[in-house]
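Both backbone and side-chain heavy atoms feed into the values below; hydrogens, waters and symmetry mates do not. Just follow the structure's listing: the first ligand is 1, and inside any ligand the first atom is 1. Please read all numbers here as calculations on a predicted model, not as lab measurements. Residue indices begin at 1 and follow the sequence shown.
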Amino acid sequence: MTRTVYVNGEYLPETEAKISIFDRGFLMADAVYEVTSVLGGKLVDFEGHAVRLERSLNELGMNAPCTKEELLEIHRKLVEENEIDEGLVYLQVTRGSDGDRDFVFPDPETTQPGLVLFTQNKPNLADSEASKKGAKIISIEDIRWGRRDIKTTQLLYPSMGKMMAKAAGADDAWMIEDGHVTEGTSNNAYFVKNGTIVTRPLSKDILHGITRAAVMRLAEEAQLKVEERLFTIDEAKEADEAFTTSASAFVMPVIEIDGATLGDGTPGPIAKQLREIYLDEARKKAI
Ligand code: PMP
């Protein structure tokens, strides 16, 4: 099926959508993005994604391409047009183009930001095979830039990290900086030891996950102990269980780190419990 996508004010078949070759998103990864999941045809935590988008834009001195209400309307229209029951909506705002290539930002008064959205149909997002099996993780060095709290489209290194994992027979990679785990290539990282959930505190070193915020709140509501602190990959390898969170995979159990099996090598009870509670609430609150 040909998707209907949104490009700079127009709804078009994906084959007809075009952006300028001078767009700074294309030339310089001068762009930010969001991925919102869809469950039962409704958007999960749209508000959280809209607020983070606004923050990313502010940090980079980019204008918002439209209002939050208009963004919601575009999301909903694409979900409806493309008949998405479970899946994702990808949104990207670029600094746009003034018709040439230059390191200097174009004048925001005269250059409009670009806005692109498209859907991805994922029929078994909530009931995924991957989540039942759990993920195998390798660790790699974190060589990304220092503003990982801004959700830019500079995804080459995370993409290479996934390829390194694949080459090693694993599913994903956790990145390490100054001896401590930062996060996964496209998710936040956690381990559980003696009933306590440990994850890195928020800073410019990691993306402030929308799923992370929800899962931390739900964990506390479920009377689970949560500790935000720096941790090493060796601590995670010796954990009872581990997991990651992201809008595209929710709570994903981790069963192996750098070849070390966690617990009995199947998804741990706390990861499973959190996935269940998260999905339950996400479905109830989706708009
Ligand atoms: N960290 C990184 C590096 C990511 O790319 C993502 C997902 N885009 C996350 C964490 C998880 O964020 P969220 O829960 O908002 O999807």
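The pair Arg52-Glu34 meets the salt-bridge criterion, since a charged nitrogen lies less than 4.0 angstrom from a carboxylate oxygen.
Among all protein heavy atoms, the one lying closest to atom 14 (O) of ligand 1 is Thr211 OG1, 2.6 Å. Given atom 1 (N) of ligand 1, the protein heavy atom at minimum distance is Glu183 OE1, 2.7 Å. Ranking the protein heavy atoms by distance from atom 16 (O) of ligand 1 puts Ala247 N, 2.8 Å first. The nearest heavy-atom contact from the protein to atom 7 (C) of ligand 1 is Ser186 O, 3.3 Å. Nearest protein heavy-atom neighbour of atom 12 (O) of ligand 1: Gly209 CA, 3.5 Å. The protein heavy atom nearest to atom 8 (N) of ligand 1 is Lys151 NZ, 2.3 Å.
Atom-to-atom distance recorded for Asp23:CG and Met28:CE is 11.0 Å, nearest 0.5 angstrom. For the atom pair OG1 (Thr261) and NZ (Lys237), the distance works out to 11.0 Å, reported to the nearest 0.5 Å.
Close approach of ligand 1 to Thr245 (heavy-atom distance below 4.0 Å) involves ligand atoms 11 (C). Against a heavy-atom cut-off of under 4.0 Å, Arg144 is close to the following atoms of ligand 1: 3 (C). Near Asn188, meaning under 4.0 Å from one of its heavy atoms, ligand 1 places the atoms 10 (C), 11 (C).
The aromatic ring centres of Phe118 and Tyr6 sit 6.0 Å or more apart.
Between Ile210 and ligand 1, at least one pair of N/O atoms sits closer than 3.5 Å. The N/O atoms of Ser248, backbone and side chain alike, include none that comes under 3.5 Å of an N/O atom in ligand 1.
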Subject >> CA sep, side-chain torsions, deciding dist, call: Arg217, Glu281, salt bridge (Lys or Arg N to Asp or Glu O under 4.0 Å) >> reply: CA-CA 11 Å; Arg217 180 174 44 75; Glu281 193 195 60; 3.2 Å; yes
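Ligand 1 lies out of reach of Arg148, whose nearest heavy atom is not under 4.0 Å from it. In this structure, Ile206 does not count as a contact residue of ligand 1, since none of its heavy atoms falls inside 4.0 Å of the ligand.
Ring geometry for Tyr190 against Phe243 counts as parallel: the plane angle stays under 30°, on a 0 to 90° scale with 60° as the upper cut.
Each of Met163, Arg144, Arg148, Glu183 was compared with Pro158 under the side-chain contact (heavy atoms from CB on, under 4.5 Å) criterion, and only Arg144 meets it.
Cluster partners of Leu262, by chain and number: Ile137, Trp174, Ile176, Val181, Phe191, Val198, Phe231, Ile233, Val254, Ile257. The rule joins Ile, Leu, Val, Met, Phe, Trp and Tyr whenever side-chain heavy atoms lie under 4.5 Å apart.
Looking at Asn8, its side chain does come within 3.5 Å of a backbone N or O of Leu115 through a donor-acceptor pair.
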